[in-house]
Amino acid sequence: MMEQSFQWPGRRADDPAHDMLVAFLVVDIQHNPAWARQLSNRLKDVKSGRREVWERIGNAYRLELTGDGALIEDLVDEDSPQQRIALKDFSEALEAWMAALD
């Protein structure tokens, strides 16, 4: 399965933030190119400053994008700490996810 072996340049093994990012892509973005494109467009808006903040509440995760980075919160496991990811890392992972969908 793609999600079990999903990698991208810069992916750090055993990094809780990167692990949660993969889980977010698998569970909330899924194999849906339209959702991935929408996320990519909102990410570009935040990176360019057109939006200060953008939030998505999905099946299992809450994502908040700001100029400071991406914050992912697990909505199912309340004991799981929120994870912050640099926009560069988030963008690289999303680009790789979208490429894998093609």
Side-chain angles (χ1 to χ4, degrees):
M1 293 175 77
M2 181 174 82
E3 46 275 347
Q4 290 178 344
S5 61
F6 179 63
Q7 299 290 323
W8 69 89
R11 167 87 157 95
R12 293 185 300 269
D14 300 320
D15 180 325
H18 282 206
D19 293 343
M20 189 174 282
L21 175 51
V22 171
F24 164 77
L25 291 170
V26 169
V27 174
D28 282 359
I29 301 303
Q30 303 175 11
H31 295 268
N32 189 316
W35 293 348
R37 277 192 305 276
Q38 179 196 43
L39 179 55
S40 178
N41 289 336
R42 297 300 80 81
L43 177 60
K44 289 174 188 170
D45 288 346
V46 169
K47 287 170 74 173
S48 71
R50 285 190 298 268
R51 287 180 185 253
E52 287 185 28
V53 64
W54 184 76
E55 180 182 59
R56 182 185 197 282
I57 297 175
N59 295 319
Y61 296 93
R62 175 186 162 272
L63 170 69
E64 180 181 283
L65 298 176
T66 68
D68 293 331
L71 181 70
I72 303 177
E73 175 185 2
D74 188 327
L75 299 174
V76 177
D77 182 358
E78 295 176 2
D79 295 328
S80 179
Q82 297 178 351
Q83 298 294 330
R84 183 163 297 280
I85 302 156
L87 288 182
K88 179 181 180 294
D89 291 345
F90 189 90
S91 181
E92 289 172 353
L94 179 57
E95 287 174 20
W97 185 258
M98 291 173 68
L101 294 178
D102 290 339

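Along the sequence shown, residues are numbered consecutively beginning with 1. Just so it is clear, the structure is predicted and the values come from calculations on it, not from any experiment.
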Interatomic distance, OG1@Thr66 vs CZ@Arg51, rounded to 0.5 Å, equals 13.5 Å
ask   = Does some side-chain heavy atom of Asp74 sit less than 4.5 Å from a side-chain heavy atom of Met20?
value = yes
Rounding to 0.5 Å, atoms CG (Leu94) and CZ (Arg37) come to a distance of 11.5 Å
Heavy-atom closest pair (Glu92 atom, Pro9 atom, distance to 0.1 Å) is OE1-O, 3.3 Å
Worksheet item: Is there a donor-acceptor contact under 3.5 Å from the side chain of Asn59 to the main chain of Asp28?
Response: no
So CG of Asp68 and CZ of Arg84: to nearest 0.5 Å the spacing works out to 6.0 Å
Tightest non-hydrogen contact, residues Ala70 and Leu65, listed as CB-CD2, 3.6 Å
- Give a yes or no answer on whether the side chain of Ser48 reaches the backbone of Lys44 with a donor-acceptor pair at less than 3.5 Å. yes
Heavy atoms of His31 and Pro33 approach each other most closely as O-CD, 3.2 Å
If we only count heavy atoms from C-beta on, is the Val26 to Phe6 side-chain gap below 4.5 Å?
no
Result for side chain to side chain contact (heavy atoms under 4.5 Å, CB included) between Tyr61 and one of Leu25, Val27, Ile29, Leu75 points to Val27
Trp54 meets the ring pair (Phe, Tyr, Trp, His ring centres under 6.0 Å) criterion, sequence neighbours left out, with none
**Request:** For residues Phe24 and Ile85, determine if any side-chain heavy atom of one lies less than 4.5 Å from a side-chain heavy atom of the other.
**Result:** no
With a 4.5 Å limit on heavy-atom distance, are the side chains of Phe90 and Leu63 in contact? yes
dist Glu52:CD -> Asp45:CG (nearest 0.5 Å) comes out at 12.5 Å
Next on the checklist: Do Leu39 and Trp97 have side chains that approach each other closer than 4.5 Å (heavy atoms only, starting at C-beta)?
Outcome noted: no
Apply side-chain contact (heavy atoms from CB on, under 4.5 Å) to residues Gln30 and Trp35 and explain how you reach the verdict. CA-CA 8 Å; Gln30 303 175 11; Trp35 293 348; 3.8 Å; yes
Within the side chain of His18, is there an N or O that forms a donor-acceptor pair under 3.5 Å with the backbone of Arg12? yes
Rounded to the nearest 0.5 Å, the CD atom of Glu64 sits from the CD1 atom of Ile57 at a distance of 10.0 Å
Closest heavy-atom pair, Leu101 versus Ala36, reported as atoms and distance to 0.1 Å, is CD1-CB, 4.1 Å
**Q.** Cluster link Leu43 to Leu71, ILVMFWY, side chain under 4.5 Å
**A.** no
CG (Asp14) and CG (Asp19) are apart, to the nearest 0.5 Å, by 7.0 Å
